[in-house]
Amino acid sequence: MTEGTTAQAAEGVDTLSRLEQEGEIAADYLEGLLDIADLDGDIDMDVEADRAAVSIISDSNSRDLQKLVGRDGEVLEALQELTRLAVHRETGDRSRLMLDIGGYRAKKRTELAELGAKTADEVKSTGAPVKLDPMTPFERKVVHDAVAAAGLRSESEGEEPQRFVVVLPA
């Protein structure tokens with residue numbers, strides 16, 4: 001290996017270690033939250049797309065975890081931000097950690113990818129741009145990725161919380 005390759009490999013290991021540490025800090029924080037709320041759930045940690053990914057899952061069919069998701073994922077978004085702050089407090093670094101609860105975000109990702117692909121097909125057939133409803137940053141990112149995969153481009157317009165995606169013809 002060359003010196004540059006060795007440095008890149010070491011940097012990759014450092015990044016992975018840092019993201020795993022973020023996941024562990026987040027898991028500890030969320031376990032404490034589950035204990036306080038007296039909710040059952042297991043914590044699953046992973047690293048996806050250069051960010052720590054933490055999921056709260058439950059073996060039971062109870063709707064307890066739905067309380068942590070809230071209407072349209074509002075509580076999930078707030079918990080994700082609080083978890084990122086807990087990681088920041090421990091590490092001193094800004095975290096891009098993604099939190100999923102009860103598979104909500106994974107299901108949402110699938111739905112949004114389908115919406116992006118369907119909208120791209122509509123734009124291809126009509127030749128006219130299509131504006132979608134306002135979305136969170138996570139939701140917009142998933143749609144942008146799906147549109148790009150379909151060979152078109154998209155842009156975000158508007159101001160938070162009314163920021164939305166516009167899918168543009170080729």
Side-chain angles (χ1 to χ4, degrees), residues 8 12 15-16 18-20 22-23 26-27 30 33 39 41-88 93-170:
Q8 286 175 336
T15 299
L16 182 61
R18 183 181 51 79
L19 294 174
E20 288 172 345
E22 282 186 20
L30 291 166
L33 179 80
L39 296 173
D42 295 318
I43 309 291
D44 184 35
M45 296 180 301
D46 201 0
V47 174
E48 299 173 1
D50 293 333
R51 63 171 61 187
V54 179
S55 300
I56 301 175
I57 53 178
S58 178
D59 294 335
S60 68
N61 288 344
S62 73
R63 298 191 37 89
D64 281 350
L65 291 184
Q66 284 305 114
K67 296 173 187 174
L68 297 179
V69 173
R71 193 179 90 236
D72 297 327
E74 290 174 341
V75 176
L76 170 59
E77 290 290 332
L79 287 174
Q80 176 176 276
E81 193 58 33
L82 288 171
T83 305
R84 286 176 174 176
L85 288 171
V87 170
H88 176 68
D93 295 326
R94 184 177 178 276
S95 174
R96 295 179 49 231
L97 175 130
M98 287 295 291
L99 175 63
D100 192 6
I101 299 175
Y104 174 83
R105 204 175 287 271
K107 180 181 172 196
K108 191 77 169 170
R109 179 178 281 125
T110 301
E111 292 170 0
L112 290 165
E114 289 172 5
L115 172 66
K118 186 178 117 190
T119 304
D121 288 343
E122 179 184 337
V123 170
K124 283 178 183 177
S125 67
T126 66
V130 173
K131 294 180 181 181
L132 299 175
D133 291 334
M135 298 178 186
T136 67
F138 160 76
E139 294 168 336
R140 291 193 310 270
K141 169 83 168 93
V142 173
V143 172
H144 285 307
D145 290 348
V147 169
L152 293 181
R153 61 185 192 91
S154 56
E155 297 175 350
S156 291
E157 294 183 4
E159 298 294 322
E160 295 292 351
Q162 296 300 313
R163 200 154 166 81
F164 58 93
V165 173
V166 179
V167 180
L168 304 163

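Just so you know, these numbers come straight off a predicted model, no measurement behind them. All heavy atoms count here, side chains included; hydrogens, waters and symmetry mates do not.
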Q: Look at atom CD of E160 and say whether more than 12 heavy atoms of other residues, nucleotides or ligands are closer to it than 6.0 Å.
A: yes
Q. Going by heavy atoms in the side chains, are S154 and H144 under 4.5 Å from each other?
A. yes
Q) Between CG of D42 and OG of S55, what distance do you get to the nearest 0.5 Å? A) 11.5 Å
**Q.** Between OH on residue Y104 and CD on residue Q66, distance to nearest 0.5 Å
**A.** 9.0 Å
(Q) Which heavy atom of F164 sits nearest to which heavy atom of L132, and what is that distance? (A) CB-O, 3.2 Å
Q) Between E22 and R18, is there a salt bridge with N-O shorter than 4.0 Å? A) yes
Q) How far does CG of L168 sit from NZ of K131, to the nearest 0.5 angstrom? A) 10.5 Å
Q: Please check if atom NZ in K124 has more than 12 non-hydrogen atoms from other residues, nucleotides or ligands closer than 6.0 Å.
A: yes
Q | Distance-minimising heavy-atom pair for D50 and L19 | A | C-CD1, 3.7 Å
Q. Quick one: does R84's side chain have a donor or acceptor within less than 3.5 Å of a partner on L97's backbone?
A. yes
Q. Rounded to the nearest 0.5 Å, how far does OG1 of T136 lie from NZ of K108?
A. 8.0 Å
Q.
A side-chain contact here means heavy atoms from C-beta on lying under 4.5 Å apart; do E139 and L115 qualify?
A. no
Q: Give the minimum heavy-atom separation between L152 and V167, together with the two atoms involved.
A: CD1-CG1, 4.3 Å
Q) Can you tell me how far CG of L85 sits from CZ of R94, rounded to the nearest 0.5 angstrom? A) 10.5 Å
Q. So which heavy atom on L65 is nearest to which on I101, and how close?
A. O-CG2, 3.7 Å
Q) What pair of heavy atoms forms the shortest contact from G127 to P169, and how long is it? A) O-CG, 3.4 Å
(Q) Ignoring hydrogens, what is the shortest heavy-atom contact between E48 and D46? Give both atom names and the distance. (A) OE2-OD2, 3.8 Å
Q.
So, taking the atom named CG in D72 and the one named CE in M135, what distance separates them when rounded to the nearest 0.5 Å?
A. 12.5 Å
Q | Side-chain heavy-atom pair L99, L30 within 4.5 angstrom cut-off | A | yes
**Q.** Ionic contact status for R105 with E77, cut-off 4.0 Å
**A.** yes
Q: I would like to know whether D100 and I56 meet side-chain contact (heavy atoms from CB on, under 4.5 Å); could you show each step before the answer?
A: CA-CA 6 Å; D100 192 6; I56 301 175; over 6 Å; no
